[in-house]
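All remarks here apply to the structure that follows.
Keep in mind the model is a prediction, meaning the values are calculated, not measured. In what follows, residues are counted from 1 in the order of the sequence shown.
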Amino acid sequence: QVQLVESGGGSVQAGGSLRLSCAVFGYTYDTYSMGWFRQAPGKEREGVAAIDIDGMTTYANSVKGRFTISQDSAKNTMYLQMNSLKPEDTASYYCAYDYRLRATRAGQLRADFFNYWGQGTQVTVSS
């Protein structure tokens with residue numbers, strides 16, 4: 001069983017930065033992809049970024065140039081560095097994990113490409 005624990009959320013003013021972390025516990029697969037999704041109140045969950053074991057990444061257009069996804073395999077941890085934050089980035093951010101590489105190889109941030117999910121961490125950006 002794979003368990004994901006997010007941290008690093010908080011409240012910042014527009015233009016500020018935050019770094020989210022997602023630690024992976026339990027069983028880990030030899031191949032994997034991981035992703036960040038977010039959901040604002042009253043809106044559908046949307047993909048933000050994904051990364052796989054080979055370091056291939058994909059980003060939503062809305063965050064390109066502002067967010068950077070990375071990983072530290074030795075620590076079983078994935079990160080999302082968020083710069084130039086905007087009020088519309090306000091949402092609960094969720095970490096996701098799967099043993100397949102579908103999101104990065106297809107360049108599609110689909111929630112159904114991931115089998116394991118964290119509980120989420122809140123990011124609030126004020127204007």
Side-chain angles (χ1 to χ4, degrees):
Q1 185 74 1
V2 175
Q3 296 176 330
L4 308 174
V5 178
E6 303 102 331
S7 61
S11 298
V12 295
Q13 290 190 327
S17 299
L18 283 174
R19 189 177 81 154
L20 304 183
S21 298
C22 173
V24 182
F25 297 95
Y27 182 82
T28 55
Y29 292 87
D30 292 337
T31 63
Y32 65 84
S33 58
M34 297 185 69
W36 288 100
F37 289 75
R38 65 187 181 186
Q39 188 167 18
K43 295 188 177 181
E44 294 186 353
R45 187 170 295 191
E46 64 171 347
V48 175
I51 189 168
D52 67 29
I53 188 172
D54 295 326
M56 184 174 290
T57 60
T58 190
Y59 292 90
N61 288 333
S62 59
V63 305
K64 281 182 180 177
R66 300 189 299 122
F67 292 9
T68 302
I69 192 170
S70 63
Q71 61 185 338
D72 185 334
S73 299
K75 295 182 179 180
N76 286 337
T77 301
M78 175 181 65
Y79 305 97
L80 185 68
Q81 179 66 43
M82 304 185 295
N83 299 329
S84 302
L85 282 162
K86 304 175 181 180
E88 50 264 44
D89 294 318
T90 295
S92 292
Y93 282 71
Y94 297 88
C95 171
Y97 179 103
D98 198 89
Y99 66 91
R100 293 159 290 196
L101 310 181
R102 294 180 292 180
T104 50
R105 302 308 156 105
Q108 296 180 17
L109 295 164
R110 290 174 44 174
D112 61 351
F113 280 173
F114 294 90
N115 199 32
Y116 299 97
W117 293 84
Q119 294 299 307
T121 186
Q122 178 67 32
V123 171
T124 302
V125 184
S126 58
S127 57

Partners passing side chain to side chain donor-acceptor pair (under 3.5 Å) against Asp30 (at least two apart in sequence or in another chain): none
Residues in side chain to side chain donor-acceptor pair (under 3.5 Å) contact with Arg66, at least two apart in sequence or another chain: Asp89
To the nearest 0.5 Å, how far apart are [atom1] in [X] and [atom2] in [Y]?
X	Y	atom1	atom2	answer
Gln71	Asp52	CD	CG	7.5 Å
Met82	Trp36	CE	CH2	8.0 Å
Glu6	Ser21	CD	OG	10.0 Å
Thr58	Ile51	OG1	CD1	11.0 Å
Gln39	Glu46	CD	CD	9.5 Å

Residue pairs involving residues 55-88 (criterion disulfide bond (SG atoms under 2.5 Å apart); sequence neighbours excluded): none
Do [X] and [Y] sit in one hydrophobic cluster, given that two such residues count as connected whenever their side-chain heavy atoms are within less than 4.5 Å of each other, even indirectly?
X	Y	result
Tyr97	Val48	yes
Leu80	Met34	yes
Val63	Tyr79	no
Tyr94	Val123	no
Leu20	Tyr32	yes

Step-by-step side chain to side chain contact (heavy atoms under 4.5 Å, CB included) determination, Asp54 to Thr104: CA-CA 10 Å; Asp54 295 326; Thr104 50; over 6 Å; no
Please confirm whether the backbone N or O of [Y] pairs with a side-chain atom of [X], one donor and one acceptor, at under 3.5 Å?
X	Y	value
Thr90	Val125	yes
Ser33	Arg100	yes
Gln3	Phe25	no
Tyr59	Ile69	yes
Gln119	Val5	no

Stepwise side chain to side chain contact (heavy atoms under 4.5 Å, CB included) check, Met78 with Leu4: CA-CA 10 Å; Met78 175 181 65; Leu4 308 174; over 6 Å; no
Neighbour count above 12 (heavy atom, 6.0 Å) for Gln122 CD: yes
Greater than 12 external heavy atoms within 6.0 Å of Tyr99's OH: no
Pairs touching residues 16-29 that satisfy salt bridge (Lys or Arg N to Asp or Glu O under 4.0 Å), sequence neighbours left out: none
Donor-acceptor pairs under 3.5 Å, side chain of residues 7-15 to any protein atom, not counting sequence neighbours: which ones?
none

Closest non-hydrogen atom pair, Ala91 against Ala40: CB-N, 3.8 Å
Atom pairs and distances, side-chain donor-acceptor, residues 108-117, under 3.5 Å, sequence neighbours left out:
unit_1	atom_1	unit_2	atom_2	d
Arg110	NE	Asp112	OD1	3.0
Arg110	NH2	Asp112	OD1	3.4
Arg110	NH2	Asp112	OD2	2.7
Tyr116	OH	Tyr29	OH	3.3
Trp117	NE1	Phe114	O	3.4

Worked check of side chain to side chain contact (heavy atoms under 4.5 Å, CB included) between Leu85 and Phe67: CA-CA 9 Å; Leu85 282 162; Phe67 292 9; 3.8 Å; yes
